[in-house]
Participant: 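Sharing a structure here in structure tokens format.
The basis for the numbers below is simple: all heavy atoms, side chains too, and nothing from hydrogens, waters or symmetry mates. Computed from a prediction, not measured in an experiment: that's the story for all the values here.
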Amino acid sequence: MPAGRTPSAFYRPLAIGAPQPLRDQPARLERMIHFVPPQVEKLRAKVPDLIARVDVVLGNLEDAIPADQKEAARDGFIAMARDNDFGATGLWTRINCLNSPWALDDVLEIVAAVGDKLDVVMLPKVEGAWDIHYLDQLLAQLEARHGVSRPIGIHAILETAEGVNNVEDIAAASPRMHGMSLGPADLAASRGMKTTRVGGGHPDYAVLADASGDDENAPRTAYQQDLWHYTTARMVDACAANGIKAFYGPFGDFADPAACEAQFRNAFLQGCHGAWSLHPSQIDIAKRVFSPDVEEVRFAARILEAMPDGTGAVMIDGKMQDDATWKQAKVIVDLARMVADKDPELAQAYGL
Ligand code: GLV
Ligand code: MG
């Protein structure tokens with residue numbers, strides 16, 4: 001429980017008339033959070049197609065939006081929220097960071113205009129629980145003022161050294177917390193990492209195989225390592241411990257889909273639920289990676305079937321299964337069911 005609030009106060013609305021905070025985040029399929037620059041009319045016109053293709057549509061107001069187009073982006077987001085029916089597809093916005101000249105109006109204007117349609121506010125450059133507490137209180141006041149009936153979630157971007165230091169407090173800061181994304185570009189800058197890439201590996205971050213034989217000049221293999229392993233692992237633990245979701249963020253090299261897929265897959269295997277898609281080509285990569293593998297789902301379904309009450313031990317294809325593997329299998333089958341609800345082809349392949 002975060003310092004300062006008692007268990008009974010933790011789930012109380014922060015403003016009279018604001019909706020009751022949720023005890024559990026709704027189970028939703030969020031394999032990709034697709035970024036749209038909402039000031040661009042041509043791209044706004046494609047939102048109806050996107051709604052059918054992606055799990056979350058996000059109107060980006062922060063980095064990558066030029067300073068002189070910040071208001072146009074905000075207005076464009078409000079227009080795209082108003083003009084479309086999002087159905088089961090999530091509608092999020094990434095607001096500007098709290099110390100910027102735009103953040104306050106981003107929140108005031110968007111909640112007033114489309115608070116009832118907005119699922120989640122993504123908050124960049126979160127340093128500690130205090131940033132979440134501020135936005136939490138402000139959202140409650142605005143929900144009350146504008147009669148918003150569903151609490152709007154907060155999703156933090158983990159992209160500063162101080163944020164990583166405080167990751168557990170951030171995850172536990174409010175029942176409004178939906179989850180967290182790793183922001184490798186800002187995080188690299190904040191830490192003084194020596195890379196100009198937006199996510200992904202670096203050829204120089206490697207371990208060298210031992211020298212073998214007598215020839216000290218013989219070539220040795222360098223094994224490239226995942227620069228983001230440590231932070232992703234900390235983020236996943238902080239999120240899972242608090243019942244919220246972890247995501248990998250951006251992969252900037254659109255011309256290298258294989259490396260993007262590898263980075264997404266590492267995140268998926270480590271426990272992440274999805275990643276950002278900044279380019280349409282990354283939508284299918286995320287879909288492929290964050291939908292569980294057909295063989296894996298079929299095997300997991302066999303484990304659940306073989307252990308109806310989830311206890312004891314059985315052998316399947318020579319592999320030992322017990323209560324813990326039953327729980328692993330359930331994670332995979334539960335996710336596959338959500339995917340199957342959205343994707344008839346995969347439903348058939350999974351046999352669900
Ligand atoms: C995302 O915002 C990042 O900085 O990587
Ligand atoms: Mg960033």
Side-chain angles (χ1 to χ4, degrees), residues 25 30-35 55-56 58 60 62-64 90 92-95 97-98 120-129 131-132 153-173 177-202 205 224-254 256 259-279 282-283 285-286 289-290:
Q25 288 300 312
E30 291 164 337
R31 294 167 296 181
M32 76 296 293
I33 301 163
H34 188 74
F35 274 52
D55 298 338
V56 175
L58 176 144
N60 178 30
E62 199 224 12
D63 291 357
W92 299 19
T93 182
R94 177 168 80 165
I95 61 167
C97 68
L98 292 175
V120 171
V121 173
M122 182 183 274
L123 184 62
K125 300 178 179 69
V126 173
E127 305 268 29
D131 289 333
I132 306 298
I154 298 176
H155 182 102
I157 312 183
L158 192 62
E159 55 180 349
T160 66
E162 185 166 13
V164 176
N165 275 346
N166 291 318
V167 65
E168 286 94 357
D169 292 345
I170 294 167
M177 281 301 291
H178 159 280
M180 231 180 269
S181 288
L182 170 69
D186 270 300
L187 184 55
S190 166
R191 280 178 173 159
M193 292 167 72
K194 308 303 180 290
T195 164
T196 53
R197 298 178 173 200
V198 175
H202 193 290
Y205 191 72
Q224 198 173 324
Q225 309 290 298
D226 183 353
L227 269 178
W228 307 106
H229 177 83
Y230 157 79
T231 318
T232 305
R234 283 201 65 182
M235 176 180 70
V236 167
D237 281 344
C239 287
N242 284 283
I244 66 174
K245 294 161 90 173
F247 293 76
Y248 176 79
F251 189 91
D253 187 352
F254 302 155
D256 194 350
C260 176
E261 181 155 347
Q263 185 73 63
F264 284 8
R265 184 156 286 114
N266 284 355
F268 173 68
L269 289 170
Q270 275 189 280
C272 288
H273 290 76
W276 301 1
S277 48
L278 301 184
H279 186 272
Q282 295 180 335
I283 295 172
I285 299 176
V289 171
F290 292 98

Participant: Do S181 and R94 get their side chains close enough for a donor-acceptor pair, meaning under 3.5 Å?
Facilitator: no

Participant: If the condition is ring pair (Phe, Tyr, Trp, His ring centres under 6.0 Å), which residues does H155 pass it with, not counting sequence neighbours?
Facilitator: W92, H178, F247

Participant: Measure the acute angle between the ring planes of F290 and F268, then classify it against the limits of 30° and 60° as parallel, tilted or perpendicular.
Facilitator: perpendicular

Participant: Let me see the working for D253 and R197 under salt bridge (charged side-chain N to carboxylate O under 4.0 Å, His left out), right down to the final yes or no.
Facilitator: CA-CA 8 Å; D253 187 352; R197 298 178 173 200; over 6 Å; no

Participant: Quick check: do L227 and M193 have side-chain heavy atoms less than 4.5 Å from each other?
Facilitator: yes

Participant: Determine whether M235 and C272 make a side-chain contact, defined as any pair of heavy atoms from C-beta on separated by less than 4.5 Å.
Facilitator: yes

Participant: Test side chain to side chain contact (heavy atoms under 4.5 Å, CB included) on N242 and M177 and set out the steps.
Facilitator: CA-CA 9 Å; N242 284 283; M177 281 301 291; over 6 Å; no

Participant: List the atom of Y248, the atom of G199, and the distance in Å for their closest heavy-atom pair.
Facilitator: OH-CA, 3.1 Å

Participant: What's the shortest heavy-atom distance between T232 and L182, and which atoms?
Facilitator: OG1-CD2, 3.7 Å

Participant: For the residue pair Q282 and F264, what are the closest heavy atoms and their distance?
Facilitator: O-CE2, 4.2 Å

Participant: How close do R234 and E168 get, heavy atom to heavy atom, and via which atoms?
Facilitator: NH2-OE1, 3.3 Å

Participant: Can you check whether D63 reaches E159 side chain to side chain, under 4.5 Å on heavy atoms?
Facilitator: no

Participant: Quick one: pull up CG in L123 and OG1 in T93 and give me the separation to the nearest 0.5 Å.
Facilitator: 11.0 Å

Participant: Determine whether W276 and N60 make a side-chain contact, defined as any pair of heavy atoms from C-beta on separated by less than 4.5 Å.
Facilitator: no

Participant: With heavy-atom distances below 4.5 Å as the criterion, would you say the side chains of L158 and L187 are in contact?
Facilitator: no

Participant: Might you point out which heavy atoms bring E127 and D131 nearest each other, and give the distance in Å?
Facilitator: N-OD2, 2.8 Å

Participant: Any heavy-atom pair between the side chains of Q263 and D226 that's under 4.5 Å?
Facilitator: yes

Participant: Applying side-chain hydrogen bond (donor to acceptor under 3.5 Å, both in side chains) between K245 and each of E30, H273, Q25, report the one that passes.
Facilitator: E30

Participant: How close do I170 and V126 get, counting heavy atoms only, and between which atoms?
Facilitator: CD1-CG1, 3.7 Å

Participant: Could you check if a side-chain atom of N266 sits within less than 4.5 angstrom of a side-chain atom of H229, using non-hydrogen atoms only?
Facilitator: no

Participant: Could you check whether any side-chain N or O of T160 sits under 3.5 Å from a backbone N or O of K125, counting only pairs where one atom can act as donor and the other as acceptor?
Facilitator: no

Participant: Once you round to the nearest 0.5 Å, how far does CD1 of I283 lie from CD1 of I33?
Facilitator: 12.5 Å

Participant: Under 3.5 Å, side chain of E261 to main-chain N/O of I285, donor-acceptor pair present?
Facilitator: no

